[in-house]
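Numbering of ligands and ligand atoms starts at 1, following listing order.
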Amino acid sequence: MSDWIDIGALGDIPQRGARVVKTPLGCVAVFRTILDEVFALDNACPHKGGPLAEGIVHGSSVTCPLHNWVFSLETGQAQGADDGGVATYPARIDAGRVYLDANFLQMRAAE
Ligand code: FES
């Protein structure tokens, strides 16, 4: 069974914004869409390490604040870039709190 880590209230993440959470893997950006969905991705852009959490969320994508690569929040893939992509992590909302899957994070950290 999964262990879910409570990383804070949904209300603490701005709509169309993100919050950075420190994990054993480094910083994970937890995004909130206009529809109140949450998605967790690596914060560092694979291009030059731009902080994706500071990008603007549009639909289910985020645009890197440095050079405007666009990433799918669902898959982590960069659109229009051949070799770009970031890891994604399971995230869920329960009773207004946001959770990340601890087992999944540890699994990824051990790779
Ligand atoms: S660092 Fe993200 S697009 Fe360049």
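Ligand 1 places these atoms under 4.0 Å from at least one heavy atom of Cys45: 1 (S), 2 (Fe), 3 (S). Close contacts between ligand 1 and Lys48 involve ligand atoms 1 (S) [criterion: under 4.0 Å to a heavy atom]. Near Cys64, the atoms of ligand 1 lying under 4.0 angstrom from a non-hydrogen atom of the residue are 1 (S), 2 (Fe), 3 (S). In the vicinity of Gly50, heavy-atom distances shorter than 4.0 Å reach the ligand 1 atoms 1 (S).
In this structure, Asn43 contributes its side chain and Ala53 its backbone to a donor-acceptor pair below 3.5 Å.
At a threshold of 2.8 Å, atom 2 (Fe) of ligand 1 has no backbone or side-chain N, O or S atom of His47 nearer than that distance. Within the 2.8 Å limit, His67 places at least one N, O or S atom next to atom 4 (Fe) of ligand 1.
Here the shortest heavy-atom pairing between Thr63 and Asn68 reads CG2-CA, 3.5 Å.
Crowding of Ile56 atom CD1: a count of heavy atoms from other residues, nucleotides or ligands under 6.0 Å not exceeding 12.
Separating the CD1 atom in Ile13 from the OG1 atom in Thr33 is a distance of 10.5 Å, to the nearest 0.5 Å.
The aromatic rings of His47 and Trp69 lie parallel to each other, with less than 30° between the two planes, well short of the 60° mark.
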